[in-house]
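Taking it in order: structure first as structure tokens, then the write-up.
Note on naming: letters A, B, ... go to the chains in the order of the sequence lines (proteins, then strands), and numbering restarts at 1 for each one.
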Protein chains: 2
Amino acid sequence: MHRGGPKSEETRGRILTSAMDLFRSRGFEQTTMREIASEAGVALGSAYYYFESKEALVMAFYRQAGDDTHKLIVQALSEEKDLQGRIRAILDVKFRYFHPNRKFLGALFGHAADPENPLSPFSEETRDTRETDIRHFEDALRESGAKIPKELKLHLPRLLWMYQMGLILFWIYDRSPSQTRTGQLIDKSLPVVVNLIRVARFPLLRPIRKMVADLLDAVYRV
Amino acid sequence: MHRGGPKSEETRGRILTSAMDLFRSRGFEQTTMREIASEAGVALGSAYYYFESKEALVMAFYRQAGDDTHKLIVQALSEEKDLQGRIRAILDVKFRYFHPNRKFLGALFGHAADPENPLSPFSEETRDTRETDIRHFEDALRESGAKIPKELKLHLPRLLWMYQMGLILFWIYDRSPSQTRTGQLIDKSLPVVVNLIRVARFPLLRPIRKMVADLLDAVYRV
DNA sequence: GTCTATATCGGGATAGAC
DNA sequence: GTCTATCCCGATATAGAC
């Protein structure tokens, strides 16, 4: 898998950087492998020597982003106590990190929502990143001291991950300047989410709680 | 816009039919414009004369599907009284109509979730279909006799449309035989949705109701 | 092992002759 | 309105320089 010396590593890095720059400024579709190669100062064949396809370049970016944000999130979580602050911390890391890549992620979603597509956030190939991501929410819940109804305990982290994916989708589509609407959406929806988790324990809502638990079991059953 | 005689109309129709057949059996990506043209018995250039791109063929399909399901939904709604039955009627029409096209829609989502992409369900180009769709849920609510808190009245139809989009996305990803899991998801989630609408009026939930209304106003404000 | 140069192919899209 | 020829690009492959 191209395990070479520092020279090799450097070329590989240069190709990846060029690709990211072009993806960011022009989007995924518009960028050609020929441009990436020439921008990186290598021949087309070399680009293919290091990355077997245009998609492979994106997978490399995913992995990189996953590793980077993981470290940032672990750090951020250690500084927050209550549930809302802890979820917020995860979201802040994500949105700050992906901010320069919004256009690129947009174009990417256009190639990634197909379940057969390896780049999909739900695909087999991206499972590792996804599971790590879900575990962040598990951590956020566990150390927060929030009382979670036992029926919901199992699936709540995954549900929060879905909530996060929804926010990211909204953000990608958000045309408001500096994506201020997404900022509002987070500010206003996060308290709702946290409050829903809190009131879920109320006896009055027991029937709905049961229905939701039943629903989640059916959906996530293996 | 290629307004020609009946001959032209017939050729156009033949190309669209061939495309749909091939999209269904092979998916969007795998089908080539050359195949579509040859299947329709015309030259490649001719296919491009009628449809300026492969995507344009899909837009034509969208419009067709929108018109067809609209008629079916109006009919189905006239036969249902209570809210759950009425929402269910809309969903049933949709899923029955799209059933033969699941694979095709899947491949399509892989090219349609990009906000810049005209095929996106959120794009400017698909606005008409989307607004008609949302109006179906408005109708379902209005004649159902369900009491809707006034803060939620404005945005609830759009929210139900989002619920429907979520179900369709789940269905596209659903690998279970005959998509039985999607069936379960609908059976179990629809009562939750209807019950949430019902309990939303409870005084106990007033704070959350206010927060949600505030959230919706911010998100859908123009 | 690293990289260039070049050829070839499939497929979306276009130009221009008829 | 229809066809042929052509272009561009992603992808694959290969020969050979260093």
task: Quickly work out the M33(A) CE to dC9(C) P distance and round it to whole Å.
output: 21 Å
message: Students often get this wrong, so: under 4.0 angstrom with heavy atoms, is T32(A) touching a base, only sugar-phosphate, or nothing?
response: sugar-phosphate
message: Does dG12(C) have OP1 or OP2 under 4.0 Å away from a side-chain N or O of Y48(B)?
response: no
- prompt: Given atom CD of E29(B) and atom P of dG10(C), what is their separation to the nearest angstrom?
  reply: 18 Å
query: Rounded to whole angstroms, how far apart are CG on L44(A) and C1' on dT6(C)?
result: 10 Å
field: Verdict with reasoning, K54(B) to E29(B), per salt bridge (Lys or Arg N to Asp or Glu O under 4.0 Å)
entry: CA-CA 10 Å; K54(B) 216 168 134 180; E29(B) 303 268 6; 5.7 Å; no
query: Please give, in whole Å, the distance from dG1(D) P to E10(B) CD?
result: 13 Å
query: Can you tell me if Y48(A) and S53(A) form a side-chain donor-acceptor pair at under 3.5 Å?
result: no
- line: The side chain to side chain donor-acceptor pair (under 3.5 Å) partners of D128(A) (sequence neighbours excluded) come to none
task: Using a cut-off of strictly less than 4.0 Å, decide whether S46(B) has a side-chain nitrogen or oxygen near OP1 or OP2 of dC3(D).
output: yes
field: Gap between atoms NZ and C1', on K7(B) and dG1(D) respectively (whole Å)
entry: 8 Å
field: Exceeds 12 heavy-atom contacts within 6.0 angstrom, atom CE of M162(A)
entry: no
Nucleotide of dG1(D), dA11(D), dT4(C) approaching A43(A) most closely (side-chain heavy atoms): dT4(C)
Qualifying residue for ring-ring contact (aromatic ring centres under 6.0 Å, His included) with H155(B), from F137(B), W161(B), Y220(B): Y220(B)
message: What is the separation between atom OH on Y50(B) and atom P on dC3(D), rounded to the nearest whole Å?
response: 9 Å
- request: Over 60° means perpendicular and under 30° means parallel, so classify the ring planes of F104(B) and F23(B), tilted if in between.
  value: parallel
message: Tell me the interatomic distance from E52(A), atom CD, to dG10(D), atom P, rounded to whole angstroms.
response: 16 Å
- request: Return yes if the base of dG10(C) and the side-chain atoms of R34(B) contain a donor-acceptor N/O pair under 3.5 Å, otherwise no.
  value: no
field: Heavy atoms of other groups near R63(A) CZ, more than 12 under 6.0 Å
entry: no
Strand contacts (DNA chain C) in residues 15-24 of chain A, 4.0 angstrom heavy-atom criterion: none
- request: Whole angstrom is fine here: how far is it from CD in E9(A) over to P in dT2(C)?
  value: 10 Å
query: Should Y49(A) be listed as having a side-chain N or O under 4.0 Å from OP1 or OP2 of dG1(C)?
result: no
